[in-house]
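Reminder, nothing fancy here: chain letters follow the sequence lines and each chain counts from 1.
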Amino acid sequence: MAMPIRRLKRSELPRETVALAKFLVGCMLVHDFGAARLAGRIVETEAYLVGDAASHSYRGLTRRNPSMFLARGHAYVYISYGVWPMLNVSSNEAGVGEAVLIRALEPLAGIEAMRQAAGAERPFDTARGPGRLARAMRVTLSHDGADLCGPGPLFLGAPLQQAGPIVTATRIGITKDADRPLRFFERGNPHVSGPKRLISG
DNA sequence: CGGCTGATGATCT
DNA sequence: GATCATCAGCCGG
């Protein structure tokens, strides 16, 4: 029953940020949390780049963002609106402040535990949007800087099922550089976040 | 269903 | 003091 999930090696991750953001759609995010395994298939990501006014790294290194400058495959976790943890995967080379925000998952293991942790009533809402996703996966600020390609409990896994067509769209919830096509999601997947008019494509 | 609003507190200027 | 990479709840059609 417990489906084996192979850990992704750093060498398997594309070096370029947009390529990584697309690559991660279809990959697994896994958190072995106590006796339980929480896992889901990544269905939506966003890229945050150098020279991108919407990125936390736009003004360089600050107290909260050093994890954005780690080599690709590390967690950058910060608190949004004082409440919600946001999980990103650092990208590019060490010293370059770029990252991929994980915005939505299709839960595949520990589904009910994830739904309860997220406080979601409807199953499709469990990991729909980055705030609920982090709650569902029990990701907290303590994971900031963790190596998602290492031996730890929180890691990236190889796809179990190949991703369908990837739609490119604009990012959600930002005002600066809002028109750049840096959001990626699996077409038609009901776990993708955002208003319906933004998920057809 | 879509659109709007208030809560919320860490971070940055 | 301003700014949020959000969300739940409420309202109208």
Side-chain angles (χ1 to χ4, degrees), chain A residues 17-18 20-22 24-25 29 40 42-70 72-92 96-105 107 114-146 148 156 166-186 188-201:
Chain A
T17 299
V18 168
L20 177 63
K22 294 179 183 173
L24 287 176
V25 174
L29 178 68
I42 297 169
V43 297
E44 181 185 7
T45 63
E46 286 178 356
Y48 288 85
L49 307 177
V50 164
D52 172 1
S55 173
H56 289 171
S57 62
Y58 188 58
R59 291 175 179 79
L61 200 57
T62 67
R63 173 170 18 179
R64 93 176 145 180
N65 71 10
S67 298
M68 273 191 94
F69 294 80
L70 297 174
R72 67 192 191 281
H74 289 80
Y76 166 46
V77 182
Y78 71 94
I79 303 295
S80 178
Y81 292 90
V83 180
W84 306 94
M86 300 278 127
L87 173 65
N88 298 252
V89 178
S90 70
S91 54
N92 216 302
V96 178
E98 298 194 339
V100 175
L101 173 67
I102 309 300
R103 283 197 61 90
L105 297 181
M114 287 174 65
R115 190 185 65 77
Q116 290 184 11
E121 306 222 343
R122 299 149 64 195
F124 283 142
D125 287 340
T126 293
R128 184 172 184 273
R132 285 184 295 250
L133 181 154
R135 283 195 172 171
M137 290 296 288
R138 313 297 287 248
V139 168
T140 69
L141 210 48
S142 70
H143 297 101
D144 184 44
L148 302 177
L156 292 169
I166 306 292
V167 181
T168 300
T170 54
R171 296 174 292 185
I172 291 181
I174 58 170
T175 55
K176 302 171 200 160
D177 271 338
D179 294 332
R180 301 183 69 174
L182 293 174
R183 173 170 168 254
F184 309 97
F185 60 90
E186 184 177 50
N189 192 298
H191 299 272
V192 170
S193 73
K196 190 178 260 183
R197 65 190 163 80
L198 295 181
I199 74 173
S200 57

Contact under 4.0 Å: A:Lys176 side-chain N or O vs C:dT3 OP1/OP2: no
Residues forming a side-chain contact (heavy atoms from CB on, under 4.5 Å) with A:Ser142, sequence neighbours excluded: A:Thr140
Listed partners of A:Phe69 passing ring pair (Phe, Tyr, Trp, His ring centres under 6.0 Å), at least two apart: none
Exam field: side chain A:Arg135 to backbone A:Ala120, donor-acceptor pair closer than 3.5 Å: no
Separation of A:Leu20 CG from A:Leu156 CG (nearest 0.5 Å): 8.5 Å
Side-chain H-bond candidate by donor/acceptor type, A:Asn65 with A:Ser57, under 3.5 Å: no
Identify all pairs in which a protein N or O lies below 3.5 Å from an N or O of nucleotides 11-13 of chain C, and state each distance.
none

d(CZ, A:Arg132; C1', C:dT6) in whole Å: 9 Å
Side-chain heavy-atom pair A:Leu49, A:Ser55 within 4.5 angstrom cut-off: no
side-chain contact (heavy atoms from CB on, under 4.5 Å) partner of A:Thr17, chosen from A:Asp52, A:Val100, A:Val50, A:Val89: A:Val100
Length of the line joining A:Arg122:CZ and C:dG9:P, which is rounded to integer Å: 12 Å
Distance in angstrom units between A:Arg171 CZ and C:dC4 C1', rounded: 14 Å
5' precedence on DNA chain C between A:Ile174 and A:Ala118 (nearest-nucleotide basis): A:Ile174
Separation of C:dT3 C1' from A:His56 NE2 (nearest whole Å): 10 Å
Nearest-Å distance for atom pair CG/P, residues A:Leu49 and C:dA5: 15 Å
Between C:dT6 (P) and A:Leu133 (CG): distance, integer Å: 12 Å
Inter-residue atom distance A:Met114.CE - A:Leu105.CG, 0.5 Å rounding: 5.5 Å
Value in whole Å for how far the C1' atom of C:dT6 lies from CZ of A:Arg103: 9 Å
Residue list, ring pair (Phe, Tyr, Trp, His ring centres under 6.0 Å) with A:His74, at least two apart or on another chain: none
Strand DNA chain C in bracket notation, Watson-Crick/G-U under 3.5 Å with | for pairs to another chain: ||||.|||||||.
Nucleotides 6-13 of chain B: protein proximity per nucleotide (B base, S sugar-phosphate only, - neither; heavy atom, under 4.0 Å): --BB-SSS
Option passing side-chain contact (heavy atoms from CB on, under 4.5 Å) with A:Glu44 (candidates A:Leu133, A:Ile172, A:Leu24): A:Ile172
Distance, nearest 0.5 Å, that separates CZ of A:Arg132 from CZ of A:Arg103: 9.5 Å
For atom CG of A:Leu87 and atom C1' of C:dA5, their distance in whole Å: 12 Å
